[in-house]
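Count residues from 1 along the sequence. Read the numbers this way: they start at 1 and go in the same order the structure lists the ligands and their atoms.
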Amino acid sequence: MSKQGIGTISVQGGYRPQNGEPREVPIVQSTTFKFDKADDMGALFDLEATGYFYTRLQNPTNDAVAAKICELEGGSAAMLTSSGQAANLFAIFNIAGCGDHVVCSTSIYGGTYNLFAVTLKRMGIDFTFVDPDASEEELSAAFRSNTKAMFGETIANPALTVLDIEKFAKVAHAHGVPLIVDNTFPTPINCRPIEWGADIVTHSTTKYMDGHGAAVGGAIIDSGNFDWDAHSEKFPGLTTPDESYHGVTYTKQFGQGGAYITKATTQLMRDLGAIQSPQNAFYLNLGLESLHVRMPRHCENGQAVAEFLEKHPKVKKVTYCGLKSDPYYELGQKYLPNGSCGGVSFELEGGKDAAKKFMESLKIAAIETHVADARSCVLNPASTTHRQMNDEELKAAGIAPGLVRFSCGLEDTRDLLDDIARALEAC
Ligand code: PLP
């Protein structure tokens with residue numbers, strides 16, 4: 001069969017039932033699996049056979065949904081995690097440990113910043129945060145001999161900066177490390193980072209992929225393009241025997257395309273247990289089935305709201321890469337030619353107080369710690385998701401105290417614009 005389009009993969013990817021099998025991905029709501037012979041299960045433990053023995057490591061529902069996301073991103077292997085936080089934790093921790101170092105864009109989600117700058121730092125992994133718009137030379141200067149990865153977000157939450165993926169990939173590869181890209185906001189419908197050189201892609205599937213505010217989840221996708229063996233001294237966890245797993249050498253047994261995800265599953269998921277429930281994977285799959293239909297509508301509303309706000313006298317600044325005035329317009333046209341996402345960030349002339357009044361005056365969009373939902377929602381990051389950052393850190397992440405993050409849902413454009421216009425009158 002010829003390569004299927006992104007819409008067909010969204011609907012039917014990952015799970016292709018045989019004669020008489022359920023049409024929809026079945027929920028295998030079972031923690032465990034039955035065997036007639038101890039050796040049959042032993043072969044699974046030894047990774048000599050494929051199958052399931054305990055849902056903390058793998059489950060058929062999760063695998064089917066991960067396979068769909070893998071197809072959507074054009075990867076070689078993928079896994080689901082319990083949340084986007086777990087996805088980014090695993091993506092880094094799978095290749096970096098105590099004494100290692102990672103280079104990361106400053107423009108990332110506040111929760112990810114906290115995970116990296118505080119929690120992983122406590123675990124001995126050092127991060128250097130770099131301006132994503134820095135030159136290749138400046139980015140290169142942040143690397144050390146113990147650097148194991150480079151990290152960025154395709155569209156950063158909430159600053160909405162657009163990552164120059166090719167530039168980041170070039171610098172990462174020149175230093176012999178993979179580029180990890182969090183592709184939560186555009187989703188593979190609008191950008192496929194692997195096609196631009198990213199090696200590992202992560203998602204908070206809680207956002208557009210689920211799209212209905214129903215299930216927290218995450219995903220990691222390996223491109224299969226990074227040659228771990230060529231940089232064996234940096235990645236011994238993948239290229240030398242794992243004594244905690246019967247001496248398996250992941251690159252030898254599972255090849256370049258399977259090593260990274262197999263290690264993250266058999267080692268990190270086994271030990272840390274941040275598995276997505278099969279029920280949540282089922283909900284996620286329902287969301288994925290309409291992702292290609294929903295994303296253009298989110299973008300249509302995002303563009304209309306951004307254009308409306310740009311002309312409003314009470315609005316100081318609008319950030320949306322679909323606006324010609326936006327500093328990321330060119331990068332947006334390159335990486336996101338069909339649209340970016342439904343998120344629009346803006347600052348009101350009246351600052352933080354006006355932002356609060358505006359949000360409280362909305363009738364359709366609700367104040368929520370969430371984005372990328374079918375229902376529009378709104379948030380002031382400085383007082384909520386990013387409140388752990390000091391003023392300097394907020395500035396580096398491109399977040400003004402009065403910044404409003406407006407997530408355009410799937411409502412009628414006219415109703416959203418009316419709601420915003422009314423709320424602006426009140427502040
Ligand atoms: N990555 C990005 C870009 C996000 O926006 C978020 C959450 O908003 C996360 C990761 C964390 O995802 P989760 O809330 O599913 O743990």
Side-chain angles (χ1 to χ4, degrees), residues 62 65-66 69 73 79-93 104-120 127 132 151-163 165 180-188 190-191 193 198 200-221 272-277 280-281 283-284 287-288 295 298 302 319 321 335-336 340-345 367-373 377-382 384-389 397-399 403 405-408:
N62 291 23
V65 181
I69 296 174
E73 286 288 6
M79 68 195 286
L80 299 187
T81 57
S82 57
S83 65
Q85 287 298 99
N88 284 329
L89 164 67
F90 279 32
I92 296 288
F93 205 52
C104 180
S105 164
T106 47
S107 199
I108 55 170
Y109 167 60
T112 309
Y113 176 83
N114 212 41
L115 166 67
F116 290 174
V118 181
T119 300
L120 283 182
F127 282 75
F151 184 97
E153 289 177 10
T154 314
I155 302 175
N157 174 14
L160 301 182
T161 52
V162 179
L163 187 73
I165 302 171
I180 303 172
V181 171
D182 182 329
N183 196 36
T184 296
F185 268 26
T187 81
N190 286 340
C191 180
I200 313 288
V201 173
T202 61
H203 280 277
S204 165
T205 61
T206 320
K207 306 298 173 323
Y208 290 114
M209 282 192 168
D210 164 48
H212 299 82
V216 173
I220 310 173
I221 305 96
L272 301 175
I275 193 73
Q276 187 167 138
S277 78
N280 275 6
Y283 294 138
L284 168 57
L288 289 169
M295 284 312 289
H298 282 292
T319 303
C321 70
Y335 293 109
L336 308 149
S340 55
C341 62
V344 181
S345 291
I367 300 174
E368 285 174 43
T369 305
H370 194 38
V371 284
D373 189 270
C377 51
V378 69
L379 181 85
N380 173 231
T384 54
T385 51
H386 290 62
R387 66 185 300 140
Q388 75 282 0
M389 288 185 171
I399 299 160
L403 186 82
R405 185 184 69 184
F406 196 100
S407 171
C408 297

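- The ligand atoms of ligand 1 that sit less than 4.0 angstrom from a heavy atom of Ser83 are 15 (O), 16 (O).
- Residues meeting the side chain to side chain contact (heavy atoms under 4.5 Å, CB included) test with Asp373, sequence neighbours left out: His370, Arg375.
- Near Lys207, meaning under 4.0 Å from any of its heavy atoms, are these atoms of ligand 1: 6 (C), 7 (C), 8 (O), 12 (O), 14 (O).
- With ligand atoms numbered from 1 in the order given, ligand 1 contributes 15 (O) to contacts under 4.0 Å with heavy atoms of Gly217.
- Atom numbering of ligand 1 starts at 1 in the shown order; those under 4.0 Å from a heavy atom of Glu153 are 3 (C).
- The closest side-chain donor-acceptor pair between Thr206 and Ser204 falls under 3.5 angstrom.
- If you number the atoms of ligand 1 from 1 as listed, the ones under 4.0 Å from a heavy atom of Thr206 come out as 13 (P), 15 (O).
- Distances below 4.0 Å separate heavy atoms of Thr184 from the following atoms of ligand 1: 1 (N), 2 (C), 3 (C).
- Annotation: Gly84 places an N or O atom under 3.5 Å from an N or O atom of ligand 1; distance criterion only.
- A donor-acceptor pair is defined here as one N or O able to donate and one able to accept, closer than 3.5 Å; no such pair exists between the side chain of Tyr109 and the backbone of Glu153.
- For the pair Thr205 (side chain) and Ala219 (backbone), a donor-acceptor distance under 3.5 Å is absent.
- Close approach to Asn157 involves these atoms of ligand 1, each under 4.0 Å from a residue heavy atom: 4 (C), 5 (O), 8 (O).
- Ring centers of Phe151 and Phe127: at least 6.0 Å apart, outside the cut-off.
- Interface of Gln85 with ligand 1, defined as ligand atoms under 4.0 Å from a residue heavy atom, comprises 11 (C), 12 (O), 13 (P), 16 (O).
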